[in-house]
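In the text below, chain A, chain B and the rest are named by the order of the sequence lines, each starting its count at 1.
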Amino acid sequence: MPLRWTVNEFRGTPLRESDIPEGRVLSVRWDPNARYAWDAGIAIGRFLQGLKEGRILGVHCPSCRRTVVPPRIVCENCFRPLTQWVPLQDTGTVQTVSVCYVNWDASRRREPEFPAVIALDGASPGCGILHILGEVTPQTVRVGLRVRALWKPPQERTGAITDICYFRPL
Amino acid sequence: MMRRVAIVGIGFTPFRPLSPEVSYRELVYESAQRAYHDAGINPREDVDSFITVAEDYEEGTAIFDEYTPDQLGAALRPVHTITADGLYAISAGYMLIQTGQCEVVVVEGHSKASNVLTPSYISALALDPIYNRPLRFHPACLAGMEMARFLVETGTVREQCLRVAVKNRRNALLNPLAPYGADLTLEEALASPPAFAPLSEVEMSRSADGAIVVVLASEEATRRLKGHPVWIRGVGWCSDSPTLETREWGEAVYAHLSARMAYRLAGIRNPAREVHLAEIDDTYAYKELMHMEALGLCRRGEAGRLVEEGATERDGLLPVNVSGGSLGMGHLGEATGLARLAEAVMHLRGDAERRQVKGAQTALVQSWRGVPSSSGAVVVLGV
Ligand SMILES: [Zn+2]
């Protein structure tokens with residue numbers, strides 16, 4: 001049985017790109033109005049207050065002996081309440097990092113961003129804070145890099161994760 | 001032979017219009033601790049699976065189910081989230097135990113409704129985006145339309161609906177968990193301004209924050225746990241067609257069919273006689289009446305008269321929403337069914353204090369998923 005034949009005309013409705021903006025193909029647009037104000041609560045509320053004061057606070061679990069950041073009300077390993085607050089250093093070691101060349105709208109970045117997890121000094125090994133690295137290049141950035149937080153000036157801090165501008169090499 | 005499944009632990013926070021001092025995680029943790037203490041279990045060792053209910057748009061976080069394990073003690077454990085009312089999770093947990101895969105299952109639901117700044121706009125996102133939403137009417141109009149049709153079809157009058165609001169707000173005065181208790185009179189209710197007429201403001205539940213955690217166990221597991229098992233005798237759930245243009249506006253077919261499924265499992269033939277206590281959806285006052293009829297607690301067109309006669313009061317023949325319902329406790333989003341289940345469990349244990357329905361041995365719990373939905377679930381409990 002021959003499986004090829006000559007097509008003189010494609011049937012159906014041909015679709016051009018211009019048919020969509022020009023309204024020949026119908027669709028309906030909607031921009032959701034979804035706004036929220038999340039209560040930070042006890043653990044994260046105190047963490048944010050610490051950032052405003054230029055301090056990174058962690059919590060210690062006496063049961064599994066981990067000191068973790070960001071703080072939480074309960075240890076996810078032990079299901080014990082966490083009430084021992086520990087001030088941590090604002091220095092640490094890059095645990096992992098990505099060199100990011102793409103924006104939210106899929107456009108390319110000429111200057112890449114460096115989101116990283118930084119294992120903070122004073123927290124348990126491997127327990128870190130997610131932030132952005134600065135003053136690094138794709139050539140100089142690496143896992144294991146020692147870094148320190150660059151804080152916003154006190155009067156500009158609002159009690160937010162962005163009170164730290166970024167972490168930069170020591 | 002089907003395995004029997006029991007509720008062996010409940011935990012909850014009080015329900016409140018606002019809860020600015022705690023995060024949703026902390027609300028859930030508080031409830032979880034209470035539930036585990038109630039059941040005498042350690043979640044890190046004794047639970048085979050966890051089920052949560054949550055709706056991403058209500059939380060403001062996509063893939064919200066990723067955020068549910070830690071505060072429940074469920075990290076590195078089997079967990080899944082259902083985008084539906086908590087009674088669906090109870091049904092899922094019941095089935096997990098029925099299959100023999102699990103002995104102990106935990107169910108969680110919570111509400112942080114106060115954190116949603118644009119609730120009507122979120123609710124509007126539930127409407128069909130192409131042929132309903134562009135008309136831009138408030139989504140609660142659908143409740144007004146449903147009520148209008150219900151009144152016409154059944155001969156129920158508006159005053160009977162207002163009596164539901166009066167009863168439930170007054171019931172809430174005895175419920176320490178309920179924020180909307182009020183010594184409301186029928187005259188005051190009659191003066192309530194119209195909102196989505198025939199629906200008036202006083203007939204609409206307001207939202208609340210809170211969390212509920214429930215521990216389910218197989219019959220075998222209940223023998224090694226402390227406490228007082230309340231048995232799940234039947235579960236049912238049902239979705240009607242979502243099409244607003246062709247749906248049944250005057251009756252709750254989804255409730256009728258989910259109840260039929262649950263009654264069959266529970267062996268209930270005459271719910272009006274066999275159910276001692278009903279905690280059923282009253283997101284809007286008329287819904288309680290519509291649901292009573294759909295659930296077979298009375299004949300069609302009779303619910304309004306029963307409320308008028310006081311039959312659904314706490315000391316009546318068929319107490320309905322002794323908790324205060326959503327009108328009195330606040331609407332808790334997808335956690336609503338679990339709050340009502342917890343109330344029913346307290347009555348069946350004889351723990352409901354001043355609200356206690358004497359001699360309650362069988363309870364009916366029902367949920368509806370709010371406008372524009374025509375779906376919901378039913379759980380029958382017994383001791
Ligand atoms: Zn721990």
Side-chain angles (χ1 to χ4, degrees), chain A residues 20 23-51 57-85 104 117 124 126-130 159-161, chain B residues 16 18-30 32-33 36-37 41-47 56-62 67-77 106 112-136 209:
Chain A
I20 295 169
R24 281 186 291 277
V25 177
L26 300 178
S27 65
V28 172
R29 293 180 68 101
W30 190 271
D31 295 317
N33 178 8
R35 294 192 296 115
Y36 306 86
W38 296 281
D39 297 320
I42 299 163
I44 296 297
R46 193 156 166 188
F47 174 64
L48 296 180
Q49 186 61 37
L51 293 177
L57 293 174
V59 282
H60 178 72
C61 176
S63 173
C64 66
R65 296 166 184 250
R66 286 187 315 158
T67 300
V68 296
V69 64
R72 57 214 67 175
I73 195 85
V74 56
C75 176
E76 69 275 19
N77 286 343
C78 314
F79 204 67
R80 301 304 308 161
L82 298 179
T83 53
Q84 293 182 22
W85 291 76
W104 278 6
V117 173
S124 294
C127 294
I129 188 171
L130 179 83
I161 191 73
Chain B
R16 292 177 293 158
L18 301 169
S19 53
E21 77 289 8
V22 282
S23 66
Y24 74 83
R25 290 184 173 101
E26 290 157 356
L27 277 176
V28 170
Y29 177 54
E30 181 184 339
Q33 285 182 94
Y36 302 153
H37 181 73
I41 60 164
N42 175 349
R44 302 304 286 151
E45 292 168 3
D46 302 327
V47 178
D56 290 359
Y57 260 123
E58 294 294 331
E59 306 290 341
T61 303
Y67 293 89
T68 56
D70 292 8
Q71 53 275 11
L72 269 181
L76 296 172
R77 306 288 305 157
V106 165
K112 258 290 191 181
S114 66
N115 288 183
V116 183
L117 300 182
T118 50
S120 309
Y121 294 88
I122 297 294
S123 183
L125 292 175
L127 294 168
D128 182 279
I130 297 178
Y131 51 85
N132 293 150
R133 215 186 293 165
L135 300 171
R136 291 193 175 265
D209 295 352

Do you know which two heavy atoms are closest between [X] and [Y], and how far apart they sit?
{"X": "A:Asp39", "Y": "B:Lys112", "result": "OD2-NZ, 2.6 Å"}
{"X": "A:Phe47", "Y": "A:Trp85", "result": "N-CZ3, 4.3 Å"}
{"X": "A:Gly41", "Y": "B:Glu26", "result": "CA-OE1, 3.3 Å"}

If one checks every heavy atom of A:Trp30 against chain B at 4.5 Å, the contacting part turns out to be side chain
When the 4.5 angstrom heavy-atom criterion is applied to A:Ala37 and chain B, the contacting part is both
Interface check, chain B: of A:Gly45, A:Pro32, A:Cys75, most non-hydrogen pairs under 4.5 Å belong to A:Pro32
Between B:Glu30 and B:Arg25, does any NZ, NE, NH1 or NH2 come within less than 4.0 Å of an OD or OE carboxylate oxygen?
no
Contact class of [X] relative to chain A, heavy atoms under 4.5 angstrom:
{"X": "B:Tyr57", "result": "both"}
{"X": "B:Leu72", "result": "backbone"}
{"X": "B:Pro43", "result": "side chain"}
{"X": "B:Glu58", "result": "backbone"}
{"X": "B:Pro69", "result": "neither"}
{"X": "B:Leu125", "result": "side chain"}

Quick check for you: among [options], which has the greatest number of heavy-atom pairs under 4.5 Å with chain A?
{"options": "B:Asp70, B:Thr118, B:Asn42, B:Ile122", "value": "B:Thr118"}
{"options": "B:Arg133, B:Glu21, B:Glu59", "value": "B:Arg133"}
{"options": "B:Ser19, B:Gly73, B:Gly60", "value": "B:Gly60"}

request  = Measure from the side-chain N and O atoms of A:Thr67 to the backbone N and O of A:Ser124, and report whether any donor-acceptor pair falls under 3.5 Å.
outcome  = no
field: A:Arg80 atom CZ, neighbour heavy-atom count above 12 within 6.0 Å
entry: no
Counting only heavy atoms from other residues, nucleotides and ligands, does the tally under 6.0 Å from OH of A:Tyr36 exceed 12? yes
Is the distance between the ring centroids of A:Phe79 and B:Tyr29 under 6.0 Å?
-> yes
